[in-house]
S.K.: 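Encoded as C-alpha coordinates, here's the structure I'll be asking about.
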Amino acid sequence: MTQDFFSEVAARIPFGGLESSDPLTYKVYEPDRLVLGKRMEDHLRISVAMWHSFASGGSDMFGSGTFDRPWLEDGLEPLAAGRAKLDAAFEFIAKLGVPFFCFHDRDIAPEGRTAAETKANLEAMVDYAGEQMARTGVRLLWGTANLFSHPRYAAGAATNPDPEVFAVAASQVKLVLEATKRLGGTNYVLWGGREGYDSLLNTDLAREETQLARFLSLVAEHKHRIGFKGTLLIEPKPHEPTKHQYDHDSAVVHGFLVRHDLAGEYRLNIEANHATLSGHSFHHEIAYAVANGMLGSVDANRGDYQNGWDTDQFPNSVDELSLAMYEILRGGGLTNGGFNFDAKLRRQSMARTDLFHGHIGGIDTLAQALLIGAAMVENGTLERLREERYAGWADKLGTSILSGGATLEDLERRVASGEIDPKPVSGHQELLENLVNQHVWAAQRRARTD
Ligand code: XLS
Ligand code: NI
Ligand code: NI
(Lines give C-alpha, C1' and ligand atoms only; values in the text may rest on other atoms or scores of the structure.)
(Ligands and ions follow the chains in the order given, each with its own letter.)
Protein backbone atom coordinates (compact mmCIF):
# COMPACT_ATOMS: atom_id res chain seq x y z
CA MET A 1 0.00 0.00 0.00
CA THR A 2 1.59 3.25 -1.06
CA GLN A 3 1.22 6.48 0.87
CA ASP A 4 -0.74 9.46 -0.38
CA PHE A 5 1.44 12.57 -0.58
CA PHE A 6 -0.66 14.76 -2.86
CA SER A 7 -4.12 14.35 -1.37
CA GLU A 8 -5.13 17.94 -2.25
CA VAL A 9 -5.24 16.79 -5.89
CA ALA A 10 -7.93 14.15 -6.03
CA ALA A 11 -7.41 12.73 -9.51
CA ARG A 12 -5.73 13.44 -12.79
CA ILE A 13 -5.28 17.17 -13.63
CA PRO A 14 -8.07 17.87 -16.16
CA PHE A 15 -8.15 20.20 -19.15
CA GLY A 16 -9.92 23.37 -18.04
CA GLY A 17 -9.27 25.70 -20.98
CA LEU A 18 -8.36 29.37 -20.96
CA GLU A 19 -11.47 30.41 -19.07
CA SER A 20 -10.81 28.09 -16.14
CA SER A 21 -10.12 29.86 -12.85
CA ASP A 22 -8.82 26.66 -11.27
CA PRO A 23 -4.99 26.75 -11.24
CA LEU A 24 -4.93 22.96 -11.07
CA THR A 25 -6.21 22.51 -14.61
CA TYR A 26 -4.47 22.61 -17.99
CA LYS A 27 -5.27 25.72 -19.97
CA VAL A 28 -3.94 24.44 -23.31
CA TYR A 29 -2.60 20.90 -22.92
CA GLU A 30 -5.06 18.28 -24.12
CA PRO A 31 -3.28 14.93 -24.48
CA ASP A 32 -5.71 13.60 -27.12
CA ARG A 33 -5.96 16.76 -29.24
CA LEU A 34 -4.65 16.11 -32.73
CA VAL A 35 -1.93 18.41 -34.01
CA LEU A 36 -0.66 17.70 -37.54
CA GLY A 37 -2.41 14.35 -37.27
CA LYS A 38 -0.66 13.28 -34.07
CA ARG A 39 -1.84 13.40 -30.44
CA MET A 40 -0.41 16.25 -28.38
CA GLU A 41 0.83 13.75 -25.80
CA ASP A 42 2.75 11.88 -28.52
CA HIS A 43 4.30 15.08 -29.85
CA LEU A 44 5.49 16.32 -26.49
CA ARG A 45 6.25 13.08 -24.61
CA ILE A 46 6.45 14.95 -21.30
CA SER A 47 8.69 13.66 -18.56
CA VAL A 48 9.19 14.56 -14.89
CA ALA A 49 12.77 14.69 -13.57
CA MET A 50 13.31 12.71 -10.40
CA TRP A 51 16.22 14.83 -9.18
CA HIS A 52 14.78 18.35 -9.08
CA SER A 53 11.28 17.43 -8.09
CA PHE A 54 11.77 14.56 -5.65
CA ALA A 55 15.43 14.21 -4.64
CA SER A 56 16.13 17.85 -3.82
CA GLY A 57 15.06 19.55 -0.62
CA GLY A 58 15.53 23.06 -1.97
CA SER A 59 18.90 23.84 -0.43
CA ASP A 60 21.32 26.28 -2.04
CA MET A 61 24.88 27.33 -1.14
CA PHE A 62 23.54 29.84 1.38
CA GLY A 63 20.95 27.76 3.16
CA SER A 64 19.39 24.39 3.85
CA GLY A 65 16.34 22.77 2.30
CA THR A 66 13.01 24.55 2.46
CA PHE A 67 10.72 22.18 0.59
CA ASP A 68 7.99 20.18 2.28
CA ARG A 69 9.24 16.71 1.31
CA PRO A 70 8.59 14.19 4.11
CA TRP A 71 10.53 11.47 2.29
CA LEU A 72 13.73 13.56 2.55
CA GLU A 73 13.59 14.13 6.32
CA ASP A 74 16.65 13.33 8.42
CA GLY A 75 16.89 10.05 10.25
CA LEU A 76 14.75 7.89 7.93
CA GLU A 77 15.95 4.41 7.03
CA PRO A 78 17.50 5.02 3.56
CA LEU A 79 15.65 2.35 1.57
CA ALA A 80 12.31 3.06 3.24
CA ALA A 81 12.83 6.75 2.46
CA GLY A 82 13.73 5.77 -1.11
CA ARG A 83 10.50 3.83 -1.49
CA ALA A 84 8.47 6.73 -0.07
CA LYS A 85 10.19 9.03 -2.55
CA LEU A 86 9.16 6.77 -5.44
CA ASP A 87 5.62 6.52 -4.03
CA ALA A 88 5.42 10.31 -4.01
CA ALA A 89 6.93 10.65 -7.49
CA PHE A 90 4.63 8.13 -9.15
CA GLU A 91 1.56 9.46 -7.39
CA PHE A 92 2.51 12.93 -8.66
CA ILE A 93 3.28 11.87 -12.23
CA ALA A 94 0.07 9.85 -12.50
CA LYS A 95 -1.97 12.80 -11.21
CA LEU A 96 -0.17 15.18 -13.55
CA GLY A 97 -1.17 12.73 -16.30
CA VAL A 98 2.10 12.67 -18.23
CA PRO A 99 3.70 9.57 -19.74
CA PHE A 100 7.35 9.61 -18.61
CA PHE A 101 9.95 10.10 -15.88
CA CYS A 102 13.76 10.34 -15.89
CA PHE A 103 16.23 9.49 -13.13
CA HIS A 104 19.87 9.27 -12.06
CA ASP A 105 20.89 6.19 -10.09
CA ARG A 106 21.59 8.36 -7.04
CA ASP A 107 18.15 9.98 -7.19
CA ILE A 108 16.47 6.70 -6.40
CA ALA A 109 19.12 4.61 -4.64
CA PRO A 110 21.56 5.80 -1.99
CA GLU A 111 25.25 5.00 -2.14
CA GLY A 112 26.07 2.16 0.30
CA ARG A 113 29.17 1.61 2.43
CA THR A 114 30.68 -0.70 -0.19
CA ALA A 115 30.35 -1.07 -3.96
CA ALA A 116 28.38 -4.28 -3.40
CA GLU A 117 25.93 -2.53 -1.08
CA THR A 118 25.53 0.35 -3.57
CA LYS A 119 24.74 -2.16 -6.29
CA ALA A 120 22.22 -3.99 -4.09
CA ASN A 121 20.53 -0.69 -3.20
CA LEU A 122 20.20 0.16 -6.88
CA GLU A 123 18.76 -3.24 -7.74
CA ALA A 124 16.19 -3.00 -4.96
CA MET A 125 15.09 0.48 -5.95
CA VAL A 126 14.99 -0.28 -9.67
CA ASP A 127 12.71 -3.21 -8.85
CA TYR A 128 10.51 -0.93 -6.80
CA ALA A 129 10.42 1.67 -9.59
CA GLY A 130 9.40 -1.13 -11.97
CA GLU A 131 6.47 -2.00 -9.70
CA GLN A 132 5.38 1.62 -9.56
CA MET A 133 5.62 1.90 -13.34
CA ALA A 134 3.45 -1.17 -13.76
CA ARG A 135 0.93 0.20 -11.24
CA THR A 136 0.64 3.65 -12.82
CA GLY A 137 1.51 3.08 -16.50
CA VAL A 138 4.23 5.74 -16.31
CA ARG A 139 7.19 4.91 -18.59
CA LEU A 140 10.90 5.70 -18.53
CA LEU A 141 12.15 8.33 -21.00
CA TRP A 142 15.76 7.94 -19.90
CA GLY A 143 18.07 6.84 -17.15
CA THR A 144 21.49 8.24 -16.34
CA ALA A 145 24.34 7.75 -13.87
CA ASN A 146 25.31 10.47 -11.44
CA LEU A 147 29.04 10.81 -12.13
CA PHE A 148 29.49 14.17 -10.42
CA SER A 149 28.23 14.26 -6.79
CA HIS A 150 30.61 11.86 -5.04
CA PRO A 151 33.98 13.36 -4.00
CA ARG A 152 35.80 10.76 -6.14
CA TYR A 153 34.46 12.61 -9.20
CA ALA A 154 35.79 16.05 -8.20
CA ALA A 155 38.32 15.88 -11.06
CA GLY A 156 35.91 14.27 -13.50
CA ALA A 157 34.79 10.70 -14.22
CA ALA A 158 36.02 9.49 -17.63
CA THR A 159 38.46 12.41 -17.82
CA ASN A 160 39.84 11.86 -14.32
CA PRO A 161 43.64 11.72 -14.01
CA ASP A 162 43.18 8.46 -12.06
CA PRO A 163 42.16 5.41 -14.17
CA GLU A 164 40.57 3.83 -11.09
CA VAL A 165 37.99 6.61 -11.07
CA PHE A 166 37.36 5.91 -14.76
CA ALA A 167 36.75 2.28 -13.80
CA VAL A 168 34.24 3.17 -11.06
CA ALA A 169 32.40 5.48 -13.47
CA ALA A 170 32.37 2.74 -16.12
CA SER A 171 30.92 0.22 -13.69
CA GLN A 172 28.27 2.72 -12.62
CA VAL A 173 27.20 3.41 -16.21
CA LYS A 174 27.10 -0.32 -16.94
CA LEU A 175 24.65 -0.88 -14.09
CA VAL A 176 22.42 2.07 -14.95
CA LEU A 177 22.39 1.23 -18.66
CA GLU A 178 21.23 -2.27 -17.74
CA ALA A 179 18.65 -0.88 -15.31
CA THR A 180 17.40 1.47 -18.03
CA LYS A 181 17.01 -1.46 -20.38
CA ARG A 182 15.24 -3.49 -17.69
CA LEU A 183 12.75 -0.65 -17.12
CA GLY A 184 12.09 -0.27 -20.85
CA GLY A 185 13.74 3.17 -21.10
CA THR A 186 13.71 4.70 -24.58
CA ASN A 187 17.03 6.58 -24.16
CA TYR A 188 20.13 6.66 -22.00
CA VAL A 189 21.70 10.07 -21.24
CA LEU A 190 25.29 11.04 -20.56
CA TRP A 191 25.63 14.54 -19.22
CA GLY A 192 29.31 15.33 -18.74
CA GLY A 193 29.00 16.22 -15.04
CA ARG A 194 32.55 17.26 -14.25
CA GLU A 195 34.14 16.28 -17.57
CA GLY A 196 36.02 19.51 -18.06
CA TYR A 197 38.59 21.52 -16.16
CA ASP A 198 38.85 24.15 -13.47
CA SER A 199 42.46 25.04 -14.36
CA LEU A 200 44.50 24.41 -17.49
CA LEU A 201 47.62 24.42 -15.33
CA ASN A 202 46.92 20.87 -14.12
CA THR A 203 45.05 19.59 -17.20
CA ASP A 204 46.25 17.54 -20.15
CA LEU A 205 43.60 18.34 -22.77
CA ALA A 206 44.69 15.79 -25.36
CA ARG A 207 44.84 12.96 -22.85
CA GLU A 208 41.41 13.78 -21.39
CA GLU A 209 39.85 13.85 -24.86
CA THR A 210 41.24 10.37 -25.55
CA GLN A 211 39.85 9.10 -22.24
CA LEU A 212 36.40 10.53 -22.88
CA ALA A 213 36.29 9.01 -26.36
CA ARG A 214 37.29 5.62 -24.94
CA PHE A 215 34.57 5.87 -22.33
CA LEU A 216 31.88 6.68 -24.88
CA SER A 217 33.05 3.82 -27.10
CA LEU A 218 32.78 1.42 -24.16
CA VAL A 219 29.25 2.60 -23.42
CA ALA A 220 28.17 2.14 -27.06
CA GLU A 221 29.78 -1.30 -27.15
CA HIS A 222 27.95 -2.37 -24.02
CA LYS A 223 24.67 -1.06 -25.34
CA HIS A 224 25.00 -3.39 -28.32
CA ARG A 225 26.24 -6.28 -26.20
CA ILE A 226 23.13 -6.21 -23.99
CA GLY A 227 20.78 -5.42 -26.88
CA PHE A 228 19.53 -2.11 -25.52
CA LYS A 229 17.38 -0.64 -28.28
CA GLY A 230 17.13 2.90 -26.90
CA THR A 231 19.15 5.88 -28.07
CA LEU A 232 22.35 7.03 -26.38
CA LEU A 233 22.29 10.77 -25.81
CA ILE A 234 24.91 13.33 -24.84
CA GLU A 235 23.75 16.51 -23.12
CA PRO A 236 25.90 19.54 -23.98
CA LYS A 237 26.66 22.21 -21.39
CA PRO A 238 29.36 24.90 -21.62
CA HIS A 239 30.32 25.35 -17.97
CA GLU A 240 29.10 24.64 -14.43
CA PRO A 241 30.20 22.85 -12.38
CA THR A 242 33.60 23.09 -14.09
CA LYS A 243 34.92 26.33 -15.56
CA HIS A 244 34.94 24.69 -18.98
CA GLN A 245 32.91 21.60 -19.86
CA TYR A 246 34.17 19.56 -22.81
CA ASP A 247 30.64 18.94 -24.12
CA HIS A 248 30.34 22.69 -24.68
CA ASP A 249 27.45 22.87 -27.14
CA SER A 250 25.82 20.86 -29.91
CA ALA A 251 28.42 21.66 -32.55
CA VAL A 252 31.33 20.89 -30.24
CA VAL A 253 29.85 17.55 -29.19
CA HIS A 254 29.02 16.68 -32.79
CA GLY A 255 32.59 17.48 -33.86
CA PHE A 256 33.97 15.36 -31.02
CA LEU A 257 31.77 12.43 -32.02
CA VAL A 258 32.78 12.70 -35.67
CA ARG A 259 36.46 12.92 -34.69
CA HIS A 260 36.16 9.64 -32.80
CA ASP A 261 33.91 7.84 -35.24
CA LEU A 262 31.03 7.83 -32.76
CA ALA A 263 28.50 10.05 -34.54
CA GLY A 264 26.42 7.02 -35.52
CA GLU A 265 26.12 5.92 -31.88
CA TYR A 266 24.99 9.09 -30.12
CA ARG A 267 22.48 11.86 -30.46
CA LEU A 268 21.97 15.02 -28.44
CA ASN A 269 19.85 15.85 -25.43
CA ILE A 270 19.47 19.61 -25.68
CA GLU A 271 18.71 21.67 -22.61
CA ALA A 272 17.30 25.16 -23.06
CA ASN A 273 19.24 26.74 -20.19
CA HIS A 274 22.50 25.09 -21.31
CA ALA A 275 21.97 26.56 -24.76
CA THR A 276 21.68 30.08 -23.42
CA LEU A 277 24.67 29.57 -21.09
CA SER A 278 26.75 28.65 -24.14
CA GLY A 279 25.91 31.98 -25.74
CA HIS A 280 23.44 30.45 -28.21
CA SER A 281 19.68 30.52 -28.29
CA PHE A 282 17.75 27.33 -27.59
CA HIS A 283 16.41 27.76 -31.13
CA HIS A 284 19.99 27.62 -32.47
CA GLU A 285 20.92 24.47 -30.57
CA ILE A 286 17.79 22.67 -31.76
CA ALA A 287 18.26 23.87 -35.33
CA TYR A 288 21.90 22.71 -35.32
CA ALA A 289 20.92 19.27 -34.07
CA VAL A 290 18.10 18.92 -36.59
CA ALA A 291 20.31 20.09 -39.46
CA ASN A 292 22.88 17.42 -38.61
CA GLY A 293 20.49 14.58 -37.85
CA MET A 294 21.54 14.68 -34.19
CA LEU A 295 18.35 15.63 -32.33
CA GLY A 296 17.50 13.14 -29.62
CA SER A 297 15.61 14.68 -26.75
CA VAL A 298 15.07 17.95 -24.89
CA ASP A 299 15.57 19.07 -21.30
CA ALA A 300 12.89 21.71 -20.93
CA ASN A 301 13.62 24.68 -18.68
CA ARG A 302 14.71 28.29 -18.92
CA GLY A 303 17.45 30.51 -17.54
CA ASP A 304 17.27 34.04 -16.23
CA TYR A 305 18.47 36.77 -18.59
CA GLN A 306 20.17 38.61 -15.75
CA ASN A 307 22.03 35.56 -14.39
CA GLY A 308 24.94 33.60 -15.77
CA TRP A 309 24.11 30.23 -14.31
CA ASP A 310 21.83 27.24 -14.76
CA THR A 311 18.74 28.47 -12.89
CA ASP A 312 16.63 25.63 -14.30
CA GLN A 313 13.33 27.49 -14.08
CA PHE A 314 10.17 26.08 -15.61
CA PRO A 315 9.74 27.34 -19.20
CA ASN A 316 7.16 30.10 -19.65
CA SER A 317 8.02 31.88 -22.89
CA VAL A 318 5.76 30.73 -25.71
CA ASP A 319 7.51 33.06 -28.17
CA GLU A 320 10.92 31.45 -27.69
CA LEU A 321 9.66 27.90 -27.57
CA SER A 322 7.56 28.28 -30.70
CA LEU A 323 10.68 28.75 -32.80
CA ALA A 324 12.35 25.68 -31.31
CA MET A 325 9.12 23.72 -31.76
CA TYR A 326 8.96 24.79 -35.40
CA GLU A 327 12.45 23.38 -36.01
CA ILE A 328 11.59 20.15 -34.20
CA LEU A 329 8.46 19.69 -36.34
CA ARG A 330 10.37 20.52 -39.55
CA GLY A 331 12.85 17.82 -38.56
CA GLY A 332 10.09 15.24 -38.21
CA GLY A 333 9.42 15.67 -34.48
CA LEU A 334 10.82 13.91 -31.46
CA THR A 335 10.75 10.22 -32.14
CA ASN A 336 12.38 8.44 -29.21
CA GLY A 337 12.91 11.66 -27.30
CA GLY A 338 10.62 13.83 -25.24
CA PHE A 339 10.44 17.01 -23.21
CA ASN A 340 11.90 16.28 -19.81
CA PHE A 341 11.35 18.95 -17.17
CA ASP A 342 14.89 19.47 -15.98
CA ALA A 343 13.43 22.35 -14.00
CA LYS A 344 13.23 23.14 -10.34
CA LEU A 345 11.00 25.20 -8.14
CA ARG A 346 12.32 28.39 -6.60
CA ARG A 347 13.48 27.92 -3.01
CA GLN A 348 10.49 29.84 -1.66
CA SER A 349 8.02 27.57 -3.47
CA MET A 350 7.95 25.24 -0.51
CA ALA A 351 4.54 23.64 -0.82
CA ARG A 352 4.18 20.25 -2.43
CA THR A 353 1.38 21.71 -4.59
CA ASP A 354 3.93 24.08 -6.16
CA LEU A 355 5.25 21.02 -8.02
CA PHE A 356 1.91 20.93 -9.83
CA HIS A 357 1.96 24.64 -10.59
CA GLY A 358 5.48 24.49 -12.02
CA HIS A 359 4.76 21.52 -14.25
CA ILE A 360 1.28 22.61 -15.36
CA GLY A 361 2.62 26.00 -16.46
CA GLY A 362 5.56 24.43 -18.27
CA ILE A 363 3.38 21.86 -20.02
CA ASP A 364 0.84 24.48 -21.14
CA THR A 365 3.68 26.62 -22.47
CA LEU A 366 5.01 23.69 -24.51
CA ALA A 367 1.51 22.85 -25.73
CA GLN A 368 0.84 26.40 -26.88
CA ALA A 369 4.27 26.53 -28.58
CA LEU A 370 3.44 23.25 -30.31
CA LEU A 371 0.21 24.73 -31.70
CA ILE A 372 2.10 27.73 -33.03
CA GLY A 373 4.96 25.66 -34.45
CA ALA A 374 2.40 23.43 -36.18
CA ALA A 375 0.56 26.45 -37.58
CA MET A 376 3.85 27.71 -39.05
CA VAL A 377 4.50 24.32 -40.64
CA GLU A 378 0.96 24.08 -42.03
CA ASN A 379 0.99 27.60 -43.37
CA GLY A 380 4.29 26.92 -45.14
CA THR A 381 5.23 30.53 -45.92
CA LEU A 382 8.40 30.50 -43.81
CA GLU A 383 9.58 27.30 -45.45
CA ARG A 384 8.76 28.58 -48.92
CA LEU A 385 10.69 31.81 -48.36
CA ARG A 386 13.66 29.88 -47.01
CA GLU A 387 13.63 27.59 -50.04
CA GLU A 388 13.29 30.48 -52.47
CA ARG A 389 16.35 32.07 -50.91
CA TYR A 390 18.47 29.13 -52.05
CA ALA A 391 16.73 28.56 -55.38
CA GLY A 392 19.91 29.27 -57.35
CA TRP A 393 21.52 26.17 -55.92
CA ALA A 394 19.01 24.02 -57.76
CA ASP A 395 19.95 25.67 -61.09
CA LYS A 396 22.76 24.74 -63.41
CA LEU A 397 25.47 26.83 -61.76
CA GLY A 398 24.62 25.71 -58.22
CA THR A 399 24.44 22.03 -59.04
CA SER A 400 27.64 22.09 -61.06
CA ILE A 401 29.50 23.72 -58.14
CA LEU A 402 28.17 21.22 -55.60
CA SER A 403 28.73 18.18 -57.77
CA GLY A 404 32.36 19.13 -58.34
CA GLY A 405 31.76 20.03 -61.97
CA ALA A 406 33.24 23.52 -61.68
CA THR A 407 36.83 24.42 -60.85
CA LEU A 408 38.12 27.73 -59.54
CA GLU A 409 39.47 28.35 -63.01
CA ASP A 410 36.04 27.86 -64.64
CA LEU A 411 34.39 30.12 -62.13
CA GLU A 412 37.02 32.83 -62.47
CA ARG A 413 36.70 32.77 -66.24
CA ARG A 414 32.92 33.11 -66.16
CA VAL A 415 33.07 35.91 -63.61
CA ALA A 416 35.76 37.75 -65.61
CA SER A 417 33.68 37.48 -68.80
CA GLY A 418 30.69 39.02 -67.04
CA GLU A 419 28.58 35.86 -67.49
CA ILE A 420 28.28 35.56 -63.70
CA ASP A 421 27.28 38.85 -62.08
CA PRO A 422 25.22 38.40 -58.87
CA LYS A 423 22.86 41.07 -57.55
CA PRO A 424 22.42 41.34 -53.76
CA VAL A 425 18.91 40.41 -52.58
CA SER A 426 17.05 41.15 -49.36
CA GLY A 427 17.09 38.60 -46.52
CA HIS A 428 13.72 40.04 -45.38
CA GLN A 429 14.46 39.39 -41.70
CA GLU A 430 11.82 41.81 -40.43
CA LEU A 431 9.22 40.34 -42.75
CA LEU A 432 9.99 36.86 -41.37
CA GLU A 433 9.87 38.06 -37.78
CA ASN A 434 6.50 39.65 -38.47
CA LEU A 435 5.23 36.39 -39.91
CA VAL A 436 6.23 34.56 -36.74
CA ASN A 437 4.48 37.13 -34.59
CA GLN A 438 1.39 36.86 -36.72
CA HIS A 439 1.25 33.13 -35.95
CA VAL A 440 1.80 33.76 -32.24
CA TRP A 441 -0.95 36.36 -32.10
CA ALA A 442 -3.34 34.31 -34.21
CA ALA A 443 -2.86 31.36 -31.87
CA GLN A 444 -3.70 33.59 -28.92
CA ARG A 445 -6.89 34.71 -30.62
CA ARG A 446 -7.83 31.15 -31.57
CA ALA A 447 -7.20 29.97 -28.03
CA ARG A 448 -9.65 32.58 -26.75
CA THR A 449 -12.38 31.58 -29.18
CA ASP A 450 -11.82 27.79 -29.16
C1 XLS B 1 22.79 19.54 -15.26
C2 XLS B 1 22.13 18.65 -16.18
C3 XLS B 1 21.65 17.34 -15.57
C4 XLS B 1 21.38 16.32 -16.63
C5 XLS B 1 21.28 14.92 -16.13
O6 XLS B 1 22.95 20.72 -15.51
O7 XLS B 1 21.08 19.31 -16.80
O8 XLS B 1 20.53 17.58 -14.78
O9 XLS B 1 20.23 16.62 -17.33
O10 XLS B 1 22.44 14.49 -15.52
NI1 NI C 1 19.66 18.46 -18.06
NI1 NI D 1 21.10 21.59 -16.55
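Both ligands and their constituent atoms are indexed starting at 1 by order of listing.
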S.K.: Would W51 count as a polar contact of ligand 1, with the cut-off being nitrogen or oxygen pairs under 3.5 Å?
M.R.: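 Checking ligand 1 against W51, an N or O pair does fall under 3.5 Å apart.
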S.K.: Is there side-chain contact between L321 and F282, with at least one heavy-atom pair below 4.5 Å?
M.R.: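 Yes; the side chains approach each other to less than 4.5 Å.
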S.K.: With the Ni ion (ligand 2) at the apex, how many degrees lie between OE2 of E235 and OD2 of D299, rounded to 10 degrees?
M.R.: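 OE2 of E235 and OD2 of D299 make an angle of 100° at the Ni ion (ligand 2), to the nearest 10°.
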S.K.: By atom name, which N, O or S atom belonging to D342 lies closest to the Ni ion (ligand 2)?
M.R.: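 Within D342, restricted to N, O or S, the Ni ion (ligand 2) is closest to atom OD2.
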S.K.: Pick from E271, H52, Q313, H274: which one makes a side chain to side chain donor-acceptor pair (under 3.5 Å) with N301?
M.R.: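 It is E271; the other options fail the test.
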S.K.: What do we get for D312 next to ligand 1 when only non-hydrogen atoms under 4.0 Å count, side chain, backbone, both or neither?
M.R.: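 Neither; nothing of D312 gets under 4.0 Å from ligand 1.
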S.K.: Show the nearest heavy-atom pair for residues N187 and G337, with the distance to one decimal.
M.R.: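 Smallest interatomic distance, heavy atoms only, reads ND2-CA, 4.1 Å.
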S.K.: Where is the nearest protein heavy atom to atom 8 (O) of ligand 1: which residue, which atom, and how far?
M.R.: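 So the nearest neighbour among protein heavy atoms is D342 OD2, 2.9 Å.
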S.K.: Report yes if the side chains of L76 and E73 come closer than 4.5 Å at any heavy-atom pair, otherwise no.
M.R.: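 They are in contact (side-chain heavy atoms under 4.5 Å apart), so the answer is yes.
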S.K.: So do F101 and I108 actually touch side chain to side chain, heavy atoms under 4.5 Å?
M.R.: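 Sidechains of F101 and I108: no contact.
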S.K.: Provide the number and element of each atom of ligand 1 under 4.0 Å from a heavy atom of H104.
M.R.: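 The atoms of ligand 1 under 4.0 Å from a heavy atom of H104 are 5 (C), 10 (O).
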S.K.: Taking distance alone, with no angle check, do H274 and ligand 1 share an N/O pair under 3.5 Å?
M.R.: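 So ligand 1 has an N or O lying under 3.5 Å from an N or O of H274.
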S.K.: Taking only heavy atoms of E235, which atoms of ligand 1 are found under 4.0 Å from at least one of them?
M.R.: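 Matching atoms, with element in brackets: 2 (C), 3 (C), 4 (C), 7 (O), 9 (O).
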S.K.: May I ask you to check whether W142 and F100 place their ring centers less than 6.0 Å from one another?
M.R.: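 So the answer is no for these two rings.
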S.K.: Taking all non-hydrogen atoms of both residues into account, name the closest pair between V98 and V138 and its distance.
M.R.: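 Residues V98 and V138, closest heavy atoms: O-CG2, 4.3 Å.
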S.K.: Is E271 touching ligand 1 with its side chain, its backbone, both, or neither, if touching means heavy atoms under 4.0 Å apart?
M.R.: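 It is the side chain that touches ligand 1; the backbone stays farther off.
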S.K.: Of all N, O or S atoms in E271, identify the one at the shortest distance from the Ni ion (ligand 3).
M.R.: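 The nearest such atom is OE2.
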S.K.: Any idea which atoms of ligand 1 are less than 4.0 Å away from a heavy-atom of D299?
M.R.: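 This gives 9 (O) as the contact atoms.
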S.K.: May I ask you to decide if D299's main-chain N or O and D342's side chain share a donor-acceptor pair within less than 3.5 Å?
M.R.: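 Flag not set: sc D342 to bb D299 has no pair under 3.5 Å.
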S.K.: Check each heavy atom of V189 against ligand 1 and say whether those closer than 4.0 Å belong to the side chain, the backbone, both or neither.
M.R.: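 Neither; nothing of V189 gets under 4.0 Å from ligand 1.
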S.K.: With the Ni ion (ligand 3) at the center, what angle do NE2 from H274 and OD2 from D310 span, rounded to 10 degrees?
M.R.: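 The NE2/OD2 angle about the Ni ion (ligand 3) sits at 90°.
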S.K.: Flag the pair T118 / T114 as yes when at least one side-chain heavy-atom distance between them is below 4.5 Å, and no otherwise.
M.R.: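 They are not in side-chain contact.
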S.K.: Test your reading of the model: is there a side-chain donor-acceptor pair from R12 to the backbone of K95, 3.5 Å cut-off?
M.R.: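 Answer holds: no.
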S.K.: Looking only at non-hydrogen atoms, which of K344, K237, H52 approaches atom 6 (O) of ligand 1 most closely?
M.R.: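 Among K344, K237, H52, the closest heavy atom to atom 6 (O) of ligand 1 belongs to K237.
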S.K.: Against heavy atoms of D310, which atoms of ligand 1 measure under 4.0 Å?
M.R.: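 Near D310, meaning under 4.0 Å from one of its heavy atoms, ligand 1 has 6 (O).
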